[in-house]
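Working notes for the structure below.
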There are 2 protein chains.
Amino acid sequence: MQLSKAEEQLMEYLWRQGPIFMKDLIEAHPDPKPAATTIATLLKRMQDKGFVGYETFGNSRQYHALVTKEDYFGKHVKGLIQQFFGNSASQFASFFTTATDLSETELEDLKSVIEQQIKNKQQ
Amino acid sequence: MQLSKAEEQLMEYLWRQGPIFMKDLIEAHPDPKPAATTIATLLKRMQDKGFVGYETFGNSRQYHALVTKEDYFGKHVKGLIQQFFGNSASQFASFFTTATDLSETELEDLKSVIEQQIKNKQQ
DNA sequence: TATTTTGTTCTACAAATGTAGAATTGAAAA
DNA sequence: TTTTCAATTCTACATTTGTAGAACAAAATA
């Protein structure tokens, strides 16, 4: 199953802050903070979908992500590539670099990442 | 506004086939083909959202996309980058290249695309 | 211990989405 | 011109999503 937009945003907090109690989750939101029940509902749904777990401490729970951001995001990207480029990653990559308009520095950085990867492939 | 999943899929047909009549749109679907009213509803909603237009021919309409796949997809990618990497395109790019596991050839291709872009930036 | 606070669950409800039947309209065929 | 047929619109309805009040339970505090 898939997370909804609001659930994804909450997930971001879980990824950033690691295991966290509900009050701190709410606290972490900018004003106007959502109602506690809103967060509770979202957390519940995310548990049902298998993305969130918790540990009980006294009367409250410490929530944590059950998927890494990398895993989750990787699936997303793959989904996008699949959907829009019939699975051609390089076609996507080339599109990506033109579409996102990186700065020269960013391009240089990216180039060295790629060179490194080529080296890894070769040995 | 944003297209929903089902709307995106329909959009794919519009991008692939270009201007197209409803009967051909339905025809293009694999079995079990959706009801004509389902497609009609989706097209209507897509028009309301500004993604689809049409030209009238006799009693029927030839539908066409009002956004290119590149534009639409580019916004998507930017949204993802924004959401997951706080707008650092290079961080995303680096993640992307590791996550999608390109072949050596693909990496070389990508590298030249990037080199080309660096040249463009420089002049 | 009685009271207040706080976390969690239940319930609710409007908006968006996926899907399609019923009705209508306009063109084509008889 | 009347009947037939296909395209479009209206209406509908279940599910998912965003949001939160009401109620309840447990812990902290007075």
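Computed from a prediction, not measured in an experiment: that's the story for all the values here. Naming: A, B, ... by sequence-line order, numbering from 1 per chain.
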Task: Closest-nucleotide 5' rank along DNA chain C - winner of A/Lys44 and B/Ala6 - done: A/Lys44

Base, sugar-phosphate, or nothing for [X], non-hydrogen atoms under 4.0 angstrom?
X	result
B/Phe57	nothing
A/Ala40	base
A/Tyr54	nothing
B/Arg61	sugar-phosphate

Open item on the list: For B/Gln9, is the CD atom crowded, meaning more than 12 foreign heavy atoms sit under 6.0 Å from it?
Closed with: no

Do [X] and [Y] have side-chain heavy atoms sitting under 4.5 Å apart?
X	Y	result
A/Leu25	A/Tyr13	yes
B/Leu10	B/Met46	yes
B/Glu27	B/Lys33	yes

- [ ] Examine the side chains of A/Tyr54 and A/Gln47 and answer whether a donor and an acceptor come within less than 3.5 Å of each other.
- [x] no

Open item on the list: What's the closest nucleotide to the side chain of A/Pro34 if the choices are D/dA20, C/dA12, D/dT8?
Closed with: D/dA20

Task: Side-chain N,O (B/Tyr63) to OP1/OP2 (D/dT8) below 4.0 Å - done: yes

TODO: If a protein heavy atom is under 4.0 Å from the base, mark B; if only from the sugar-phosphate, S; if neither, -; do that for nucleotides 21-30 of chain D going 5' to 3'.
DONE: BB---SS---

TODO: Can you tell me the distance, in whole Å, between the CG atom of B/Leu42 and the P atom of C/dT17?
DONE: 11 Å

- [ ] Measure from the side-chain N and O atoms of A/Lys49 to the backbone N and O of A/Gln2, and report whether any donor-acceptor pair falls under 3.5 Å.
- [x] yes

